Amino acid sequence: MNIGKFLSAINSKALAAPGLVIIMLSLMILPVPPFALDIFFSFNISISVIVLLTALYTVSPLDFMAFPAVLLLTTILRLSLNVASTRIVLTEGHNGPDAAGKVIEAFGHFLIGGNYLVGVVVFIILTIINFMVITKGAGRIAEVGARFALDAMPGKQMAIDADLNAGLIGEADARKRRKEVSQEAEFYGAMDGASKYVRGDAVAGIIIVIVNMVGGLVVGMVQHDLAFSEAIETYTMLAIGDGLVAQLPSLIISVAAGAVVSRVVSDEDVGTQLVTQLFMKAQVLYITAGIVGGLGMIPGMPHLAFLFLALLIGGTAYYFQNKPPVTADAEVEAAAVINPDMEEVTWQDVVPVQALCLEVGYRLVPLVDKNQNGDLFRRIRGVRRKFTQDMGFLPPGINIVDNLSLTPTGYRVTLKGVEIGKGESYPDQVLAINSGMITEDLPGRKVTDPSFGLPAVWVSTSLREKAQGMGYTVVDASTVVATHLSQLLMKYAAELLNRHALQALLDHMNTEAPGLVDELIPKVIPLPILQKILQNLLSEDIHIRDMHTIFETIAEYGPQTQDASLLTSMVRIALGRSILEQIIPGSQEIPVMALDNRLEQLLLQSMQSGNQDGGGIEPGLAETLVTQTVRKAQMQEDLGYPPILLVPAPLRTMLARFLHRTLPDLKVLSQAELPDSYTIKVTNFVGAAA
């Protein structure tokens, strides 16, 4: 294999972390010369400064998402250097203060003036600042941030899914925002744990310094015959220098951690926020300059320092107060940002009505939160998929929002802003539905199933198996809402086929059968008439999956008439076999109710007089027709047959519209819609008299 290709295939960035870990392990195990130790100590200080500046210049905590891992690696690096330096201090410390390298010598002499007692005090103070103040505060902020981030996740997830269902964002944007929400919670949780590294590092630093001092004293006196005063001075200086050279980067990293977790997310880095929010108010600076100048006038005070600082603060205030004004365009833009309520009313203020919306009470929020094992979103996707497969077109997206005006366990479904269904669902219980064969009651909240109107009871989840053993149909809270939603989608399918959904259906047809749509629309019929025909079919629970047959029928009869009702009747005849398969699947014998001859003649006469929708039927006859049909339909259901009324073709549309108000489940078929291959079995006659 070519070595160049092999090296180019290796991701150098991916090798950075493993390489650093290997180096750190080597520092713990292998002896390191003082010169190499100086390089590693310098590298440690450089890394800490880079981390601090990166933390100060980030706009959002997620911009420095690797920070918890950086804390771990830098902490291990410092401890590795402590181990390596301890080995050199104890083995070579008797040779002088530069035995462990120039960096430790510089920290031991230059920074603390060569006084090891001062060094001990300075080291203790730095450790207290790092451990008790900065690290502890940053850890507390990270802990609270993690808790609030986790608590806010359900609301953020619902907002993302609501925007997605409303069409405000795409699937890619939704995935990105969900990932950011998850990463935010994981970041603060990781920071909460990573802060323990720094706290442990501070404790380890104290212990290592004590070990170096005591161990060096013993080694110097016992092995190298040094005097007590010489041994304690030499090894204490080396130990303190070693401790300080490790503690300083630790302090810098701790400040970076505090800066990352304590900032509020905005579009500005920390430095910009400090300048714009702390030094931009001239009045505050003038008052501060006056106070500082007054302190400088008090006898005994360092007048020069206070007066110089007062002049500096006052000059800063004067500068910001007399800054050149912004341009007119910038003023208008700033006013629009600062005072949005003063903007002119535009079309952006018009809130569009959602086609479909599911509103839930606050106790149902976990049902739509994946992090709390809520699976309602998955079930709703399944409902939409089944509707699409059954009815033949894609319904609008369902916008899910929380509504505090609802009861905690309540929900409601709206169509174009109008309520079409509502119910109650209890997340910590299951619904036991009585199909009519149960005689024994269960303890719980008795209700009516919102989907099918059957008696039901909400019971504890611990009673699920008992209820199933008694014959109840047991469903969970998500299934109750999803099933009810599915029923409402089927019921209002005609209204869901709006112009947008129809255009999407036609676009899909163009991919399946190129040219077919263009030949029909608008050459044969206009788009509104096609929409009305399809809505007529859907209003009587007839799917529109067989669009080829529908188009062919319209293409045949469209040039003769533009009447949507007549064209619907022609389409129904063409779909006759499909309609019967929906009603009685797999049966060639159709049990139907028929009209009495006298009633049939009366209704035909009513049709000839101009009545088309049943509204002009004589009131007594209309009441008798409804009463008889209801009774005969019940008899049909008692026999185990679906309620089907077979009528002459001219009466079908009128009776279907008229009887649908009372019997929504009644199927009204015309004789022309029955294919010759089916056998008719008349079980009842609907007569003019009882």
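Along the sequence shown, the residues carry numbers beginning at 1. Quantities reported herein were computed from a predicted structural model and do not represent experimental measurements.
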Practice problem: Output, in order, the C-alpha distance, side-chain angles, deciding distance and verdict of salt bridge (Lys or Arg N to Asp or Glu O under 4.0 Å) for Glu673 and Arg652. | Solution: CA-CA 10 Å; Glu673 294 170 359; Arg652 201 216 69 81; 3.6 Å; yes
Practice problem: Assess the side chains of Glu589 and Thr679: does a donor N or O sit below 3.5 Å from an acceptor N or O? | Solution: no
Quiz item: Cut-off 3.5 Å, side chains only: do Arg657 and Ser565 have a donor facing an acceptor?
Solution: yes
Self-check item: Glu359 side chain to Thr414 side chain, donor-acceptor N/O pair below 3.5 angstrom
Solution: no
Practice problem: Kindly give the heavy-atom pair with the smallest separation between Gln582 and Ile542, and that separation in Å. | Solution: OE1-CA, 3.7 Å
Quiz prompt | Nearest-0.5 Å distance that lies between atom CZ in Arg577 and atom CG in Asp546 | solution = 11.0 Å
Quiz item: Between Gln634 and Asp638, does any side-chain donor sit less than 3.5 Å from a side-chain acceptor?
Solution: yes
Practice problem: Pick out which of Val368, Leu488, Leu376, Leu364 makes a side chain to side chain contact (heavy atoms under 4.5 Å, CB included) with Leu358. | Solution: Leu376
Quiz item: Any salt bridge between Arg572 and Glu540, counting N to O under 4.0 Å?
Solution: yes
Quiz item: If you take all heavy atoms of Gln628 and Phe685, which pair is closest and at what distance?
Solution: OE1-O, 4.5 Å
Self-check item: Side-chain donor-acceptor contact under 3.5 Å, Asp507 with Gln503
Solution: yes
Quiz prompt | Exercise: do Asp476 and Thr479 side chains pair donor with acceptor under 3.5 Å | solution = yes
Quiz item: Of the non-hydrogen atoms in Tyr411 and Glu424, which two are nearest, and what is the gap between them?
Solution: CE2-N, 3.6 Å
